[in-house]
Amino acid sequence: MSAPTHSPRAPIPLNPAQAEAVEHLNGPLLVLAGAGSGKTRVITQRIGRLVEKGIPSKAILAMTFTNKAAGEMAERAHAVMQENGNGGAAKALTVSTFHSFGLSVLQREQKAMGGAFTIFDQGDVLSCVKEILSRERIGKSFDASAIVGRISNAKNAFMQPEDLPDDGKDEYDEITKIVYPKYQAAMRAFRAYDFDDLVCEVGQLWKRRPDVLARWQESFRYILVDEYQDTNRAQMEVLRQLCAPHKNLCVVGDDDQAIYAWRGADVENILSFEEHFPGAKVIKLEQNYRSRAPVLDVANAVISKKLIGHQKTLFTDKPGGDLVQVRVAATPQMEAEWVSKEIKRMIRDFGKRPKDFAVLYRSNGQSKDVEEALREQMIAHKVVGGQTFFERKEVKDLLSYLKLTLNRSDEIALRRVINYPPRGIGEQSVEKLALNALGRGWTLWQAVERVDALDDIPPAAREGCKQLERVMGETRKQLLAERMKASDVARDLCERVGLKRDIEGSSPSNNAAGRRWGNVEALFRTFERRETRRGDAHDEVGGEQGLAGFLHALTLQMNSEEEATTDVTILSTLHGAKGLEFDTVFLLGCEEGLLPHSRTLEVRATDSTPADVEEERRLFYVGVTRARERLYLSRAKHRVSRGKPVPRTPSRFLLEIPPEMVEEDEIREELDPSFDAMNEGAASVLAALAALDALK
DNA sequence: CGTGGCCGGCTTTTT
DNA sequence: GCCGGCCACG
């Protein structure tokens with residue numbers, strides 16, 4: 001992570017607004033913290049202050065949005081306590097995301113009910129809904145992911161199946177009204193929770209069981225929430241429940257940085273905080289400690305055009321700074337090439353390091369050209385986000401076997417591996433098993449186990465079922481009875497099902513086989529790393545609990561392969577860059593259709609969230625405010641989409657910036673022979689465009 | 001039942 | 001231009 005949001009300024013005293021926020025300890029408090037205004041510092045100082053005042057740190061709960069943010073905040077809070085001489089209290093502090101907090105509540109409360117449960121990721125949820133659609137024989141050609149989106153929206157709004165209106169606005173509302181209850185029933189039968197459940201099932205549980213709620217209210221008497229603008233209705237309800245008796249809720253956020261409405265976040269939470277929590281105090285932090293004036297001017301210019309929300313204007317007392325640079329390239333390839341050369345130049349001429357730079361863009365697909373160009377210039381870099389490792393087929397397959405070992409009701413995991421590697425249980429046989437299960441009230445796994453009691457299963461499939469049952473039985477024994485380490489269990493399992501053999505046999509090349517098996521081995525290593533790390537004594541490593549805990553953690557932090565990557569240039573989407581800051585920021589693709597993205601410009605029937613161009617504006621704002629010293633905004637004049645070259649127009653946000661605030665220039669073509677190969681693609685695009693023009 | 005090839009569609013952001 | 005789904009064949 002290359003975001004030391006604090007280091008050089010730690011000794012600077014709090015400004016009056018910050019101090020007020022730190023000292024206001026009791027009752028609801030809303031801190032409207034502009035970008036770079038020291039909000040994390042306010043939260044951590046406030047935690048330190050609470051502890052100084054004698055509040056036991058175990059009664060304090062700090063909520064963040066991402067795992068990364070949680071880790072950072074815990075670290076900084078510990079540092080503050082250390083400074084205050086309360087280092088001993090640090091361990092008992094709880095800093096977690098809403099999702100992992102929800103998980104631990106459900107885990108603790110359901111221990112009595114016994115048994116492991118599974119967390120479904122997007123892919124699992126999608127399979128589940130597809131399964132329901134086909135089982136229910138609901139017409140045809142519904143977009144399952146659109147339905148998933150609507151269900152998720154309902155959950156985010158803290159709505160149960162019966163809370164959905166009978167008269168939906170469109171056919172997707174209607175189909176969702178039918179599917180949602182069936183989906184919930186299936187999830188409970190599978191002993192599975194989806195991401196949204198981790199929050200709203202807690203709210204539902206507390207609603208049903210005031211006695212349980214009372215216990216949690218007693219254990220957490222001071223709540224702090226970061227990035228409050230990104231919370232959804234369900235999260236707000238959970239907070240409201242938790243704070244009901246003491247009202248000690250401090251939320252920090254910035255409505256100008258609300259960029260997750262598409263995922264159910266409700267800006268109303270921060271806009272109406274004072275209504276939700278009567279008597280709330282509101283404090284605005286407007287002094288920016290991060291960026292030079294020219295960067296801030298652009299940020300203010302963009303955000304002042306917004307239509308709703310709390311008005312804030314950031315200011316700085318840092319003098320000087322370079323004018324914001326706007327660059328226009330012929331193609332995205334040339335844009336990327338220019339970025340890489342500019343970074344190289346600044347490293348060479350000004351002693352900058354790779355980590356001083358970030359390249360930001362709207363969508364993951366834009367990273368490819370930049371990666372290539374940076375590789376060409378030999379600049380160390382890292383692409384954040386862009387789901388990768390845990391999405392790989394072979395990784396998901398192995399994880400499914402392990403999930404199934406712990407929770408044999410997990411039908412999605414079972415379906416994934418029931419015939420992988422092939423063991424004679426084809427699609428027809430799976431459907432027969434499922435039908436039998438349905439008719440007899442068994443789970444699918446029970447149908448596999450009791451295949452002898454079924455008469456319409458072909459012999460090959462019958463054998464396959466017995467084989468699978470044997471494999472799973474042995475694995476379960478190793479894990480539960482012998483309490484073997486997860487890494488060893490996983491290795492044995494692969495051996496038993498012949499995973500390596502299958503990968504080698506089914507891969508197109510030796511190379512591909514090596515890579516795929518390498519992914520499996522990487523997963524082994526991930527297990528081993530956790531087993532050896534075990535600094536936190538309360539985490540069991542072996543056996544059922546150890547594996548279950550680890551699988552949950554893996555699902556909740558899919559893409560954080562947290563390796564201390566230090567001195568590298570960061571490539572990230574704008575969403576992924578929130579909360580980070582860099583010396584120099586390149587914001588690529590400032591074009592209509594990309595930023596704002598075309599998906600928000602043209603509405604589609606399957607959309608589950610109303611498109612909002614204002615959110616794109618805030619996204620642009622987030623990108624701009626990541627820069628400390630220098631900011632570059634760039635765009636390409638032509639881009640290839642769907643195989644065809646398309647002329648591009650500058651982003652409306654670019655046009656809204658007063659011209660005197662920026663310096664604009666064309667990126668001129670370099671006569672560097674080593675780039676001939678790269679420019680070939682660009683040249684052919686230009687040639688095609690010329691041909692197109694000639695036709696007209 | 002399993003495999004390979006062909007055709008078609010489309011492409012945001014993530015706990 | 002790429003990936004994924006579908007169909008036909010072995």
Side-chain angles (χ1 to χ4, degrees), chain A residues 63-70 96-103 119-123 125 130 143 145 149 152 155-156 193-199 227 230-232 234-235 258-265 360-368 384-387 390-391 393 419-430 458-461 463-464 502 505-506 508 552-560 572-578 589 593-602 604 606-609 611-612 615-616 618-620 622-623 639-646 681 684-685:
Chain A
M63 299 277 221
T64 64
F65 196 60
T66 64
N67 297 295
K68 195 164 68 178
S96 77
T97 65
F98 274 98
H99 296 272
S100 57
F101 174 74
L103 171 64
I119 299 172
F120 274 11
D121 65 19
Q122 252 98 300
V125 167
K130 281 182 178 164
D143 178 352
S145 60
S152 177
K155 290 189 176 186
N156 288 158
Y193 290 115
D194 61 31
F195 284 134
D196 301 320
D197 285 338
L198 295 180
V199 175
E227 308 279 15
D230 290 327
T231 54
N232 60 39
Q235 288 163 331
I259 53 176
Y260 284 104
W262 55 273
R263 188 173 111 180
L360 309 181
Y361 36 79
R362 175 65 230 264
S363 65
N364 278 309
Q366 291 170 262
S367 71
K368 234 185 140 207
V384 305
Q387 296 148 339
F390 293 98
E391 298 280 286
K393 183 188 176 311
N419 199 33
Y420 179 80
R423 54 173 72 86
I425 314 175
E427 222 174 303
Q428 293 303 313
S429 306
V430 174
E463 264 320 294
D502 182 84
S506 68
H552 289 160
L554 278 186
T555 318
L556 282 187
Q557 44 182 356
M558 288 294 209
N559 38 24
S560 64
S572 169
T573 62
L574 290 165
H575 285 90
K578 198 176 64 161
L594 216 43
L595 185 58
H597 197 275
S598 52
R599 262 325 240 96
T600 65
L601 264 24
E602 52 212 55
R604 279 184 356 192
T606 52
D607 287 349
S608 38
T609 317
D612 182 7
E615 182 149 308
E616 301 288 299
R618 296 191 290 267
L619 210 38
F620 188 81
V622 166
R639 201 169 279 270
V640 176
S641 80
R642 292 204 287 271
K644 293 253 177 301
V646 178
S684 67
V685 168

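For the numbers below, each heavy atom of this structure counts, side chains included, while hydrogens, waters and symmetry mates do not.
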Hey, does [X] reach any base, or is it just sugar-phosphate, or nothing, if we go heavy atoms under 4.0 Å?
X	value
Ser598(A)	nothing
Phe98(A)	nothing
Glu615(A)	nothing

Does [X] have any side chain to side chain contact (heavy atoms under 4.5 Å, CB included) partners at least two apart in sequence or in another chain, and if so, which?
X	answer
Arg423(A)	Tyr401(A), Asn419(A), Pro421(A), Ile425(A), Gln467(A), Leu468(A), Val497(A)
Lys130(A)	Leu126(A), Ala144(A)
Thr573(A)	Tyr361(A), Asn364(A), His575(A)
Ala69(A)	Thr64(A), Thr66(A)

query = Can the positive tip of Lys393(A) be found less than 6.0 Å from the middle of the six-membered ring of Tyr420(A), inside 45° of the ring normal?
reply =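 Positive - Lys393(A) is close enough to the ring of Tyr420(A) and near enough to its axis.
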
Are any protein N/O atoms closer than 3.5 Å to N/O atoms in nucleotides 2-8 of chain B? If there are, list each pair with its distance.
residue : atom : partner   : partner atom : Å
dG2(B)  : OP1  : Asn419(A) : ND2          : 3.1
dG2(B)  : OP2  : Asn419(A) : ND2          : 3.1

task = Mark yes or no for a side-chain to base donor-acceptor pair under 3.5 Å between Glu616(A) and dT13(B), with no hydrogen or angle criteria applied.
result = no

Between [options], spot the one nearest the side chain of [X], thanks.
X	options	answer
His99(A)	dC1(B), dT15(B), dT13(B)	dT15(B)
Thr66(A)	dT13(B), dC1(B), dT15(B)	dT15(B)
His575(A)	dT13(B), dT15(B), dC1(B)	dT13(B)

Can you tell me the distance, in whole Å, between the [atom1] atom of [X] and the [atom2] atom of [N]?
X	N	atom1	atom2	value
Arg599(A)	dT14(B)	CZ	P	15 Å
Asp143(A)	dC10(B)	CG	C1'	12 Å
Ile259(A)	dT15(B)	CD1	P	11 Å
Trp262(A)	dT15(B)	CH2	C1'	9 Å

request  = Name the residue closer to the 5' end of DNA chain B, choosing between Ser363(A) and Ser429(A) according to the nucleotide with the nearest heavy atom.
outcome  = Ser429(A)

request  = Between Leu619(A) and Ala461(A), name the one whose nearest nucleotide on DNA chain B is closer to the 5' end.
outcome  = Ala461(A)

ask   = How would you list, by chain and number, every residue that makes a salt bridge (Lys or Arg N to Asp or Glu O under 4.0 Å) with Glu616(A), sequence neighbours excluded?
value = Arg362(A)

Set of salt bridge (Lys or Arg N to Asp or Glu O under 4.0 Å) partners for Asp197(A), sequence neighbours left out =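 Lys155(A), Arg188(A).
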
request  = Please identify each residue that fulfils side-chain hydrogen bond (donor to acceptor under 3.5 Å, both in side chains) with Ser598(A), with sequence neighbours left out.
outcome  =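 Once residues adjacent in sequence are excluded, Ser598(A) has no partner under the side-chain hydrogen bond (donor to acceptor under 3.5 Å, both in side chains) criterion.
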
Expected rows: protein N/O vs nucleotides 1-10 of chain C N/O, under 3.5 Å:
none

message = Can you see if the side chain of Asn364(A) gets near the phosphate of dT14(B) - specifically, an N or O under 4.0 Å from OP1 or OP2?
response =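 Asn364(A) to dT14(B) OP1/OP2: side-chain N or O found under 4.0 Å.
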
query = Does OP1 or OP2 of dT15(B) have a side-chain N or O of Ser100(A) closer than 4.0 Å?
reply = no

ask   = Stacking check: are the rings of Tyr260(A) and dT13(B) less than 5.5 Å apart at their centres and under 30 degrees in tilt?
value =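 Aromatic stack with dT13(B) absent for Tyr260(A).
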
